[in-house]
Novice: 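Quick one: the structure is below, questions incoming.
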2 protein chains.
Amino acid sequence: MATVGDIGELALVERLGAQVGAARLSRAARPGFHLRIGIGDDAAAWHGDAGIWVATTDTMVEDVHFTRGKTPWRDVGWKAMAANVSDVAAMGGAPVSALVTLGLPRGLDVAAVDDLYAGMIAACIRYGALIVGGDVVSAGEVFVTVAMTGVCGAEPLRRSAARPGDAIAVSGPLGASAGGLHLLQAGRSGANGAEEALVRAHRRPEPQIEAGQRILHSGIRCGMDVSDGLLLDLRRLTKASGVGAKIEAARVPVAPGVEMLPEPLSFALGGGEDYQLLFAGPPQVVEQALESIGAGAVIGEATPDEPGVVRVMDAEGREMEVASAGWEHLR
Amino acid sequence: MATVGDIGELALVERLGAQVGAARLSRAARPGFHLRIGIGDDAAAWHGDAGIWVATTDTMVEDVHFTRGKTPWRDVGWKAMAANVSDVAAMGGAPVSALVTLGLPRGLDVAAVDDLYAGMIAACIRYGALIVGGDVVSAGEVFVTVAMTGVCGAEPLRRSAARPGDAIAVSGPLGASAGGLHLLQAGRSGANGAEEALVRAHRRPEPQIEAGQRILHSGIRCGMDVSDGLLLDLRRLTKASGVGAKIEAARVPVAPGVEMLPEPLSFALGGGEDYQLLFAGPPQVVEQALESIGAGAVIGEATPDEPGVVRVMDAEGREMEVASAGWEHLR
């Protein structure tokens, strides 16, 4: 089987460009976005209407974010794209363009790269993003970096806009991705429908573009996505906003199927990669936003506590001991 | 000395954000570009006027594009940013935003990351780009990915627009960066002014933003940057345009100082990273473009030959044997 080193950069880039072309992704492009120059030039170019642009980037590294042979390449590709789509959704925007950088060891099979790209293209088709260019470089380990732009219909959601007294809400149930990972690690890849759904949530997490747009248009100013676990991400949001938070454990929506696992709350509070949205605002505005998205729940409120301090209360109103949860890189 | 693993992702991102803030890069932002949300949120956000946007990305990997201990970290940072600026310049545009992804081994000194970022910030100040966000990930080897957007005042220069009979020109002298690398590898880091200039050209290559804009506004439609060597890049341009090319070796401008090195022409034809621009158009339009940039030269013409075939002629009009030159990844 041919490796990346056998066919070289130029042939590989042509091959990936053809794969993108065959998917006819440009049909999915946004109104106000007219692609002029795509893959193969020094840069991509498009004509865009005046408006608010968002830009984000996210990377997956072999043996840090995924393990070769354990995570199918298509899932790696899907997740690499989905993580960026979720960041755009977290601003209340919709994706427009994606630049894809692949770091590839010379000995990697070309078929693996094809599958990786197929996963990215599947996510692009699903979420209306367009791969407009990228870079392929030789590297000792596989890494995938996506840099994405998107557009927002109004001033974007930001992490720093929560105020004491704001209601804090999530756009949907949490813990599914971590639950799926738990099942996979225990060698259970889906004995029944509930388990299958958890495994699928881990392999193919679904960013919440429409929910983000509805939240934004409801008048909410403060939001982010839950990518590293509810508690860690809520600490980030409250720290950025200069507030504390008090949440009620019983109000945190736990994904179906997770209740069968040991300590389901720990999956919902600490599990990452669910890509639900976490947002805050005046209680009435938050209620309207939840109605407009038809899912999710208020889980607590912002407090005048020390910035970044998040207290979790049990059903009797007592503060619970919660282990530090969530995912931080490099340490 | 503290390592990246000692301080962790959050502290590192705060540190880099502070470094960007201290440089007051936002002063350099483009007209029509109003930053709303910078480093620290899910995505950066800006309000932009309607217009033509360009987007590009370029990566440097340790032991592929640079060697730890041989290339100072500041130069790695400068080059990582400059490569992207040059791609924007190659479209006739000016840089706007940059997303910076760092792949970092846990044992890397924080001081190295500071220096790397200082080099990137220096290039941003020089070229008017703004670092608006990024990602920091754990990795086995250092890599730096920059994803850059820019704006063009007119339909961008593209590789595919050369026609038979077009004059082919470069925006300035070639071979300086490869000459500097040659001196460094020979242990000569600058015995005199000419050598110093070559070494500097290798360490701090200068993208040609203004030349790109002047070329575009002269009415030229076809251009790219010389990043991997004149011959290789001209083959790409002619292949994309469906034409051949004939260039006269004597007309290729050789950078000052390179004439002292063995086989100076090979540096000018094969050396990469000069970041001069290569462009093509009707002879009179090309002459006007060269006058407007006040540098560069016509080096030959596009021909009806097989696409991508580049012939190099000597002073007597005989075709020269030229070794395949230029840099292709992965093989």
Novice: On the 0 to 90° scale, with breaks at 30° and 60°, tag the B/Trp53-A/Trp53 ring pair as parallel, tilted or perpendicular.
Specialist: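 Plane angle between 30° and 60°, so tilted.
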Novice: Going from OG1 on B/Thr59 to CZ on A/Phe143, what distance comes out if it is rounded to the nearest 0.5 angstrom?
Specialist: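 Between atom OG1 of B/Thr59 and atom CZ of A/Phe143 there are 5.0 Å.
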Novice: Output the option from B/Gly40, B/Gly48, B/Gly223 having the highest count of non-hydrogen pairs under 4.5 Å with chain A.
Specialist: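 Most pairs with chain A among the choices: B/Gly48.
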Novice: Looking at chain B, which one of A/Gly133, A/Pro156, A/Ala90, A/Gly51 has the largest number of heavy-atom pairs inside 4.5 Å, strictly under?
Specialist: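 Of the options given, most contacts go to A/Gly51.
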Novice: Quickly, which of A/Asp58, A/Val61, A/Thr145 forms a side-chain contact (heavy atoms from CB on, under 4.5 Å) with B/Val137? Name it, please.
Specialist: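 Among the candidates, only A/Val61 passes.
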Novice: Heavy-atom pairs under 4.5 Å with chain B: which of A/Met148, A/Arg36, A/Glu62 has the most?
Specialist: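 That would be A/Arg36.
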Novice: Hey, what do you get for OG1 (A/Thr56) to CG (B/Asp42), rounding to the nearest 0.5 Å?
Specialist: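 Nearest 0.5 Å value for the OG1-CG distance: 7.0 Å.
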Novice: Of the non-hydrogen atoms in B/Ala43 and A/Asp87, which two are nearest, and what is the gap between them?
Specialist: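 For B/Ala43 and A/Asp87, the tightest heavy-atom pair comes out as CB-O, 4.2 Å.
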Novice: Chain A heavy atoms under 4.5 Å from B/Ala240: which part of the residue, side chain, backbone, both or neither?
Specialist: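 Neither part.
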Novice: Return the CG to CG distance between A/Asn84 and B/Leu99, rounded to the nearest 0.5 Å.
Specialist: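 Taking CG in A/Asn84 and CG in B/Leu99, the distance rounds to 9.5 Å.
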Novice: Non-hydrogen atoms of chain A under 4.5 Å away: do they reach the side chain of B/Met224, the backbone, both or neither?
Specialist: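 Both parts, backbone and side chain.
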Novice: Quick check for you: to the nearest 0.5 Å, what is the distance between A/Asp41 atom CG and B/Arg236 atom CZ?
Specialist: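 One finds 11.5 Å between CG of A/Asp41 and CZ of B/Arg236.
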Novice: Does any backbone or side-chain atom of A/Thr57 lie under 4.5 Å from a heavy atom of chain B? Answer side chain, backbone, both or neither.
Specialist: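 Contact with chain B: backbone and side chain both.
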Novice: Most heavy-atom pairs under 4.5 angstrom with chain B, which of A/Asp225, A/Val132, A/Leu157, A/Thr3?
Specialist: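 Top option by heavy-atom pairs under 4.5 Å: A/Asp225.
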Novice: For the residue pair A/Ala139 and B/Glu141, what are the closest heavy atoms and their distance?
Specialist: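 Shortest heavy-atom separation between A/Ala139 and B/Glu141 comes out as CB-OE2, 3.5 Å.
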Novice: How many angstroms lie between atom CD1 of B/Ile37 and atom CD of A/Glu155, to the nearest 0.5 angstrom?
Specialist: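 The CD atom of A/Glu155 is 6.0 Å from CD1 of B/Ile37, to the nearest 0.5 Å.
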Novice: I'd like to verify something: which residue of A/Cys152, A/Ala147, A/Gly140, A/Ser227 has the highest number of heavy-atom pairs under 4.5 Å with chain B?
Specialist: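 With the most close heavy-atom pairs to chain B, the winner is A/Gly140.
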Novice: Looking at every heavy atom in both B/Lys239 and A/Glu14, which two are closest together, and how far apart are they?
Specialist: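 Looks like NZ-OE2, 3.5 Å.
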Novice: For A/Ala45 and B/Val54, which heavy atoms make the closest approach, and how far apart are they?
Specialist: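 Distance-wise, the nearest heavy atoms are CB-CG1, 3.8 Å.
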Novice: Report, as yes or no, whether the 6.0 Å neighbourhood of atom CZ on B/Arg159 holds more than 12 heavy atoms from other residues, nucleotides or ligands.
Specialist: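 Yes - once you tally the heavy atoms of other residues, nucleotides and ligands closer than 6.0 Å, there are more than 12.
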Novice: What part of B/Leu237 gets within 4.5 angstrom of chain A, counting heavy atoms only: side chain, backbone, both, or neither?
Specialist: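 When you check distances to chain A, no heavy atom of B/Leu237 falls under 4.5 Å.
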Novice: Could you measure the distance from the CG atom of A/Leu10 to the CZ atom of B/Arg235? Nearest 0.5 Å is fine.
Specialist: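 If we round to the nearest 0.5 Å, A/Leu10:CG and B/Arg235:CZ are 10.5 Å apart.
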